[in-house]
Amino acid sequence: MVSAPLTPEQRKRMAEAQVYIQGAGSIGLWLSIQAALHARAANRPLNIVIFERRPSHTREHALWVNPTWFKDKMHPDTHIPGLTDSTKSIQIRANALEHLLLEKAQALGVTVIRSQKISDWCDSLLKINQDDFWQRSKYETAIAEGKKAWLKEIFRLTPNADRFIGTDGSHSLMRELFFQAEPIHRRIIRRVVQLSLEIDLSEHPKVRLDSAYPTAGLFDFKAIAHVDAREGQTSRLTARFFVDETTYARLQKPDGTPIASATNPLISDHLLDHPLLSQKLRYSLSNWIQQVERKLTKELGHPYSVNLSKAKLNTISLEHTQAPTFWQRISRRGRPFDIALEGDAQEFTPFYSSLNSSMGTACDLAKALSVNDPQKRKPLFDRYVRNTRRHRTWLACWLWLKNIILTFLTWVQSLTGWVSLTLRQWSFQHASNMHAKTDLLPSPCVRLTATKAHEASLQGAFIQQFRFRTASRIGLGSNSSCPDNSVYNEESRELRRARHAKP
Ligand SMILES: Cc1cc2nc3c(=O)[nH]c(=O)nc-3n(C[C@H](O)[C@H](O)[C@H](O)COP(=O)(O)OP(=O)(O)OC[C@H]3O[C@@H](n4cnc5c(N)ncnc54)[C@H](O)[C@@H]3O)c2cc1C
């Protein structure tokens, strides 16, 4: 069953289709563009139909697209202004990217049918908990029936198609139906606490927030941040802290459901004092907020205090999902059919490089899709599988290396902080001694040094904390020797107030 009636024109397009793609997200559209370009270059007619369940592109999150991941692999005739002509990373909203790709795909003759999906009832499959032993057989039966029904429907709708591609995202139905024979790799790799701040720029119509926001500092947890910048409007700054299990567990109910989810976040005027936040988390959050305030103050040219009553906090569990196989050839009445996965449906790495990485591997898949002869197509699919596996290994190694480099940089940063603190304290002492010797009024230089030294002593509190924590982690000290955060918080709040009180 299709979820909505098809128009006669859509039926005609479906009947002519040779390639069926499920999901018109960025990868489904990109794949169709590449396949259409390869077919056009080889002078082969290729009818591609994409089914998309959403009525329009509505997702607004910001994406970093780095053309170096796919520039060498894409078809040389791919000209998408604002995307392929860029030599460095660009930031673009998800819906803007999908719009660009949709225009190009339609210009190449690809048919996109919206608000449409096959077998509505299949969704209920995904709700069955396959890890629950008692539901396992129910799940397997549902999969077998779902697969039969899906194939029956697709053969009826697209009698000429022999290539079916699932680009239906990280909760892919096609992955669930066709690549279930082997266990699907699903691993929780990160527990995340996400803090989202609202920055009102209505009084600064010309200001658009810089895209780089502080993520390195003496936080207890590694962090990444991204900006949803809108010129002269309310922008959103989001930081994600990769927390430990204990910190994460405090924000979960005993049955494991989140207390603060993306749809129901924690909002409070006294967010940082919330009893569910561990001391470590509170420390990282307040440190990040201070860094943001410092940066905003510089950018806007006047003191800026973040309005915490509009901040939202929630937890996320990032799961690495990987289909162990992503291409198979099935046969029906002696005719071969290729079924493959691409994009988040094939592999979703929650490190935000999934899109770039899939845009590269999709170029190989497109070459295979553009060939109508199943015999000639087979070696191209084999090459696609080989290249993608190699790419996955390379990516895993790179992420591992990146992790090590980041850890090393955090150490270097703490060391540099310590050296700069010692120098500042020394220069302050030196200046005070000079002042005592000459018996003059404190010069502006001395006053400035004094302020700096005070700030440095706060930095010292960070460093001291960091050193104590590290020492206790590696067994050189005890937690009781760790300075109390509240002292640091009070002190830094005082400093912030004093700084903001200045005209
Ligand atoms: C907040 C955030 C930030 C990110 N930032 C980056 C970044 O900076 N760089 C990067 O490389 N990656 C980033 N990513 C990852 C990137 O967004 C994804 O890897 C990419 O969008 C995957 O595209 P896709 O087409 O495979 O899946 P999706 O974009 O999820 O598209 C799947 C499509 O299939 C449709 N669909 C689903 N089921 C069906 C069905 N049964 N029938 C018909 N249609 C169906 C859906 O409606 C959807 O349109 C980010 C992700 C998030 C959430």
Side-chain angles (χ1 to χ4, degrees), residues 62 190-201 209-229 234-244 247-248 250-251 260 262 265-274 276-300 303-316 318 352 406-407 409-411 413-414 416-417 455 458-466 469-470 483-497 499-500:
R190 284 276 204 252
R191 301 294 198 186
V192 178
V193 170
Q194 175 169 291
L195 177 71
S196 174
L197 304 177
E198 226 172 62
I199 312 292
D200 184 6
L201 296 176
L209 293 185
D210 186 11
S211 55
Y213 262 77
T215 53
L218 296 171
F219 307 144
D220 264 291
F221 306 113
K222 260 192 214 119
I224 55 168
H226 87 97
V227 184
D228 195 353
T234 304
S235 293
R236 272 209 166 269
L237 282 183
T238 308
R240 296 195 175 105
F241 293 88
F242 300 128
V243 300
D244 55 33
T247 306
Y248 183 81
R250 284 176 72 124
L251 286 153
L266 203 65
I267 302 173
S268 155
D269 283 352
H270 309 285
L271 192 64
L272 291 182
D273 300 324
H274 202 285
L276 288 176
L277 304 190
S278 70
Q279 206 181 20
K280 273 181 6 183
L281 181 61
R282 199 168 298 153
Y283 171 75
S284 296
L285 295 178
S286 58
N287 187 0
W288 185 69
I289 292 170
Q290 279 185 40
Q291 293 205 27
V292 165
E293 283 182 341
R294 227 172 280 157
K295 187 164 161 120
L296 280 170
T297 302
K298 240 191 231 168
E299 248 172 77
L300 302 178
Y304 190 94
S305 251
V306 167
N307 183 355
L308 271 184
S309 64
K310 290 198 175 156
K312 292 179 187 167
L313 188 131
N314 66 286
T315 53
I316 315 172
L318 292 181
Y352 300 138
L406 275 179
T407 314
L409 286 180
T410 315
W411 274 92
Q413 200 189 16
S414 71
T416 331
E455 281 195 32
L458 288 180
Q459 262 192 30
F462 287 137
I463 292 163
Q464 211 185 353
Q465 275 232 356
F466 184 75
R469 274 158 204 275
T470 317
D484 186 7
N485 269 333
S486 54
V487 177
Y488 149 73
N489 281 339
E490 256 323 298
E491 220 178 341
S492 56
R493 240 177 249 146
E494 213 175 273
L495 181 73
R496 267 159 58 199
R497 255 183 249 127
R499 210 189 292 138
H500 291 176

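Residues that satisfy the side chain to side chain donor-acceptor pair (under 3.5 Å) test with S278, not counting sequence neighbours, are absent from this structure. Residues passing the side-chain contact (heavy atoms from CB on, under 4.5 Å) test with K310 are E198, N307, sequence neighbours excluded. Residues that satisfy the side-chain contact (heavy atoms from CB on, under 4.5 Å) test with A311, not counting sequence neighbours, are L195, L197, L271, L308.
Side chains of N314 and L266 form no contact here, defined as non-hydrogen atoms less than 4.5 Å apart. In this structure, W288 and L237 have side chains that are in contact, with non-hydrogen atoms separated by less than 4.5 Å. Using a 4.5 Å heavy-atom cutoff, the side chains of R294 and K298 are not in contact. Between R236 and I199 the shortest side-chain heavy-atom distance does not fall below 4.5 Å. Between V243 and T315, every side-chain heavy-atom pair lies at or beyond the 4.5 Å cut-off. Annotation: side chain of L277 is in contact with side chain of H274 (closest heavy-atom distance under 4.5 Å). For the pair I267/L313, no side-chain contact is recorded, criterion being any heavy-atom separation below 4.5 Å from C-beta on.
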Before you tell me yes or no, could you show the steps for L272 and I289 under side chain to side chain contact (heavy atoms under 4.5 Å, CB included), namely the whole-Å CA-CA distance, both residues' side-chain angles and the distance that decides it to 0.1 Å?
CA-CA 10 Å; L272 291 182; I289 292 170; 4.0 Å; yes
Could you walk me through whether R191 and F242 pass the side chain to side chain contact (heavy atoms under 4.5 Å, CB included) test, one step at a time?
CA-CA 6 Å; R191 301 294 198 186; F242 300 128; over 6 Å; no
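Looking at T247 and D244, their side chains do bring a donor and an acceptor atom within 3.5 Å of each other.
Taking CG from L281 and OH from Y248, the interatomic distance works out to 13.0 Å, rounded to the nearest 0.5 Å. Atom NZ of K295 sits about 14.5 Å away from atom OH of Y304, to the nearest 0.5 Å. The CG atom of N287 sits 12.5 Å away from the CZ atom of F221 when rounded to the nearest 0.5 Å. I316 CD1 to Q194 CD: the interatomic distance, rounded to the nearest 0.5 Å, is 4.0 Å.
E293 places a side-chain N or O within donor-acceptor distance of the main-chain N or O of V306, the cut-off being under 3.5 Å.
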